[in-house]
Every structure is written in C-alpha cells, then in structure tokens.
There are 2 protein chains.
Amino acid sequence: MISQTSEYALRAVVCLAQNPDKPHTTAEIAKWTKVPEHYLSKVLLALAKHEVVISKKGLHGGYVLAHDPEDLPLLNVINAVDPIKHIKSCPLKLKTHGTHLCRLHKQVNDSIDMIEELFRTSTVALILNEPTQSIPLCESVTTQRGAN
Amino acid sequence: MISQTSEYALRAVVCLAQNPDKPHTTAEIAKWTKVPEHYLSKVLLALAKHEVVISKKGLHGGYVLAHDPEDLPLLNVINAVDPIKHIKSCPLKLKTHGTHLCRLHKQVNDSIDMIEELFRTSTVALILNEPTQSIPLCESVTTQRGAN
DNA sequence: TAAATAAAAGATAAACATATCCTTTTATCT
DNA sequence: AGATAAAAGGATATGTTTATCTTTTATTTA
C-alpha cells in the first residue's frame with residue numbers, strides 16, 4: 001500500500017526524532033533502522049531536497065530533522081520520496097469524462113484521499129508519544145536506543 | 001496506491017457488470033476497458049481462479065460475473081489479483097515487538113485497514129448505480145455501451 | 001594546509017511488475 | 001468428426017523499483 005521506499009523514509013525520520021541530540025550519519029541510521037545503507041543514502045537525499053531533514057557534510061556531520069516532530073506530518077515524509085498521486089482525470093482518457101471522474105475512479109480516488117488525510121493529520125510526534133509496548137525501531141521495551 | 005493490475009481488474013469487472021447479457025471475450029473487454037489484451041487475459045485468469053468471474057471456453061464463450069454486483073465488494077476484485085497485505089509483525093523483525101506493532105507500523109497498518117474497509121463496503125453495484133455525469137468506462141454520457 | 005570524515009553523485013545490478021507473443025487445451029457448432 | 005472460437009498456459013521482453021558499489025565534493029579539525 002505504501003512503497004518500501006516510503007517505509008524506509010518513515011523509519012529514518014522516526015529514528016532521527018528519537019535521537020535529536022546531534023546529527024547522525026547514514027551508516028548509523030541504516031544500522032538502527034535496518035535499512036540497506038546505500039539505498040538509505042538516496043532516501044535521505046530526497047528527504048533533504050524536500051527539507052524534511054537537514055544534511056551536514058564533513059566530520060561530525062550527518063542528518064538532523066528539519067522540523068519539530070509536532071510540525072512534521074508523516075505525509076510530508078512520504079511525499080518527499082514517493083508522492084501520493086491522485087486521480088485527476090479519466091485514466092482511460094475518455095474525452096467526455098475529462099476531469100469529471102466516473103464512480104469507479106472516484107471511489108478509487110476517495111481511498112487515496114482518505115490515506116492522504118490520515119497521514120496529513122498524523123505527525124511524527126504522534127509516533128513518538130503514546131508509548132505502547134513497543135518503542136518504534138527499538139528492540140528493547142525499557143530503554144530508548146539513544147541511551148546506549 | 002492500488003496497482004495497475006488492480007485497476008485493470010476493476011475495469012474488467014465493472015465492464016462485465018454493465019453488460020450482463022452474455023459472456024464477453026477477452027478481446028471485447030480489452031477494447032472497452034482499454035486494457036492491453038494479453039495482459040488482461042492473465043488478469044481475468046486470476047479473477048476466475050478466485051471465483052469473481054466465470055470463464056466459458058469455446059464458441060460464444062468468454063467471461064461473466066460470478067456474483068450479482070450487489071454481492072461483489074471491490075475488495076474481492078482487488079484481492080484476487082493483488083491481495084492487500086497487512087502488517088502483522090514487525091518489519092524490522094525486532095524480537096521484542098513480535099506481533100505487537102509499534103506506533104509507526106500500527107499507523108501504517110491502520111491506513112491499510114481503512115482502505116480495506118472502504119473497498120470491502122463498496123460493491124460493484126455501487127459503482128453502477130448513482131449515475132453521475134460520467135458512466136464508468138463509457139465515452140458517451142447518454143447511452144450505455146451495451147446499447148451499441 | 002593536510003588528513004579525515006561524511007554527504008552527493010554516478011554507474012551498475014538484481015528483483016519485481018507490467019506487457020507481448022505464441023502454443024496448447026477445451027468447448028461449441030455444423 | 002472436422003472446423004472454429006476462445007480460454008489457458010508458457011516463454012520472453014520491457015520498464016520500474018529496489019539495492020549495491022565506486023568516485024567526487026564539501027566540511028571539520030588538528
């Protein structure tokens with residue numbers, strides 16, 4: 001439903017939100033999130049281009065979040081790497097439909113709208129707070145990874 | 001959000017629902033739905049295997065719907081060709097998470113649940129009825145294709 | 001200024017989804 | 001029975017996503 005790339009991007013962003021103390025390198029994030037390192041590098045590049053994260057080159061460089069978790073909807077993360085595309089005109093290119101979708105494509109597009117709305121209204125902060133039994137990305141249930 | 005294959009399957013099923021008089025061949029359906037004919041052939045095969053449609057070989061054969069449009073949720077069509085997969089256990093394979101999803105993956109899975117629910121409750125009949133300006137798959141707004 | 005560090009960029013490969021083509025099987029009609 | 005129609009199945013091709021590896025560029029520190 002959402003692409004592997006989006007999943008990776010979400011993991012990376014949550015990871016950075018959990019460890020806001022300093023920039024983290026691609027290698028670090030890759031290890032923590034279990035995302036293939038060189039692939040993650042491309043993902044982070046896209047996130048930086050869309051100003052979801054900020055990159056810093058050189059020694060002690062790495063990536064940090066560009067916004068507070070409260071101000072960062074998951075949708076922004078997803079759209080940075082794999083933009084949600086709405087159906088705006090008839091996929092069959094029927095001339096009489098044009099921009100007015102038939103029931104079928106309206107229904108499909110409604111589902112896209114729903115997903116978008118859900119991700120627009122859920123911020124990264126929402127993921128961090130409300131701790132359940134499982135801490136995102138962390139193996140242990142009692143300690144944050146940053147504590148190691 | 002939904003695959004090209006699912007879109008094709010939905011088109012084919014709606015097409016058959018619009019023309020319930022007799023079996024229709026792959027070639028006919030392909031022409032009406034603007035789906036590549038040989039690819040559609042595989043799609044219809046999957047739909048038949050999942051008993052969404054019924055195939056009839058030989059002269060005057062083709063495909064018909066296996067159920068009344070009222071009894072056919074769009075979800076069944078989608079699941080026949082490209083099953084919606086839920087997140088059931090931690091994608092990072094974190095042992096302590098196991099089957100108890102963290103907030104991140106719960107959120108993503110919730111979106112999958114939402115989509116599934118929407119498609120479960122929308123039947124093919126819903127697509128046919130409530131005519132808007134555009135008739136599904138039909139270029140003309142005044143005549144059903146079957147009338148040609 | 002030199003060395004070390006880390007992101008950026010580019011090139012290549014593997015896996016998967018989509019699409020096409022060709023042959024075989026099955027049913028129907030005369 | 002023979003001819004025809006149509007689905008079923010198999011093999012191959014194209015395109016896109018995902019993944020890996022290497023080189024280049026920018027930054028920091030000593």
Side-chain angles (χ1 to χ4, degrees), chain A residues 1-13 15-16 19 22-66 78 80-85 91, chain B residues 1-13 15-16 19 22-66 78-85 91-92:
Chain A
M1 195 55 53
I2 79 165
S3 69
Q4 190 67 16
T5 304
S6 291
E7 156 82 21
Y8 289 166
L10 289 170
R11 282 190 213 172
V13 163
C15 178
L16 288 178
N19 301 279
K22 59 177 173 64
H24 297 283
T25 67
T26 305
E28 283 177 307
I29 303 168
K31 191 178 162 209
W32 289 338
T33 57
K34 300 201 178 170
V35 173
E37 177 176 341
H38 294 97
Y39 192 71
L40 179 63
S41 153
K42 314 284 183 181
V43 171
L44 287 167
L45 192 64
L47 289 174
K49 289 231 168 82
H50 287 82
E51 299 178 320
V52 172
V53 300
I54 292 169
S55 77
K56 217 172 145 241
K57 282 190 173 185
L59 188 57
H60 302 141
Y63 292 95
V64 289
L65 279 194
I78 292 171
V81 295
D82 193 7
I84 287 181
K85 56 210 166 312
Chain B
M1 197 55 53
I2 80 166
S3 70
Q4 190 68 16
T5 304
S6 292
E7 156 82 21
Y8 289 166
L10 288 171
R11 281 191 214 172
V13 164
C15 179
L16 289 177
N19 300 277
K22 60 176 171 63
H24 297 283
T25 67
T26 305
E28 283 177 307
I29 303 168
K31 191 180 162 205
W32 289 338
T33 57
K34 300 201 178 170
V35 173
E37 177 176 341
H38 293 98
Y39 192 72
L40 179 62
S41 155
K42 313 286 184 185
V43 172
L44 287 167
L45 193 63
L47 290 173
K49 288 232 168 82
H50 287 81
E51 299 177 320
V52 172
V53 300
I54 292 170
S55 76
K56 219 174 142 238
K57 284 188 170 187
L59 189 57
H60 301 142
Y63 292 95
V64 287
L65 278 194
I78 292 172
N79 275 340
V81 296
D82 194 6
I84 288 180
K85 54 210 168 314
L92 283 78

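Labels below follow one simple rule: chain letters A, B, ... track the order of the sequence lines, proteins then strands, and each chain is numbered from 1.
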**Report entry** Main-chain N/O of B:A48 paired with B:H50 side-chain donor or acceptor, under 3.5 Å
**Finding:**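 No: the side chain of B:H50 does not pair with the backbone of B:A48.
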
Query raised in the report: Do the side chain of A:H60 and the main chain of A:G58 share a donor and acceptor less than 3.5 angstrom apart?
Result: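 Judged by distance alone, no pair lies under 3.5 Å.
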
Rounded to the nearest Å, what distance is computed from the [atom1] atom of residue [X] to the [atom2] atom of nucleotide [N]?
X: A:E37; N: C:dA6; atom1: CD; atom2: P; answer: 11 Å
X: A:K31; N: C:dA6; atom1: NZ; atom2: P; answer: 14 Å
X: A:K57; N: D:dT28; atom1: NZ; atom2: P; answer: 12 Å
X: B:L45; N: C:dT23; atom1: CG; atom2: P; answer: 20 Å
X: B:K56; N: D:dT4; atom1: NZ; atom2: P; answer: 20 Å
X: A:Y39; N: D:dA19; atom1: OH; atom2: P; answer: 6 Å
X: B:L59; N: C:dC29; atom1: CG; atom2: P; answer: 6 Å
X: A:I54; N: C:dA8; atom1: CD1; atom2: P; answer: 12 Å

Please determine, for the side chain of [X], which listed nucleotide ([options]) has the closest atom?
X: B:S55; options: D:dA6, D:dA8, C:dT18; answer: D:dA8
X: A:P36; options: C:dT18, D:dA19, D:dT22; answer: D:dA19
X: B:T25; options: D:dG9, C:dA8, D:dA6; answer: D:dA6

Query - Gap separating the CD atom of B:Q4 from the OH atom of B:Y39, nearest 0.5 angstrom - result: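 Reported to 0.5 Å precision, the distance equals 8.0 Å.
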
Counting any heavy atom closer than 4.0 Å, what does [X] reach on the DNA or RNA strands: base, sugar-phosphate only, or nothing?
X: A:K42; value: base
X: A:T26; value: sugar-phosphate
X: B:H60; value: sugar-phosphate

Query raised in the report: Using purine N1 to pyrimidine N3 plus N6-O4 or O6-N4 for Watson-Crick, or N1-O2 and O6-N3 for G-U wobble, both under 3.5 Å, which nucleotide pairs with D:dA7?
Result: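 Its partner is C:dT24 (Watson-Crick or G-U wobble, both distances under 3.5 Å).
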
Report task. Could you list the residues that satisfy salt bridge (Lys or Arg N to Asp or Glu O under 4.0 Å) with A:K31, not counting sequence neighbours? Result ->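 In terms of salt bridge (Lys or Arg N to Asp or Glu O under 4.0 Å), with neighbours along the sequence ignored, A:K31 is linked to no residue.
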
**Report entry** Stepwise side chain to side chain donor-acceptor pair (under 3.5 Å) test for A:D82 and A:S3
**Finding:** CA-CA 7 Å; A:D82 193 7; A:S3 69; 2.5 Å; yes

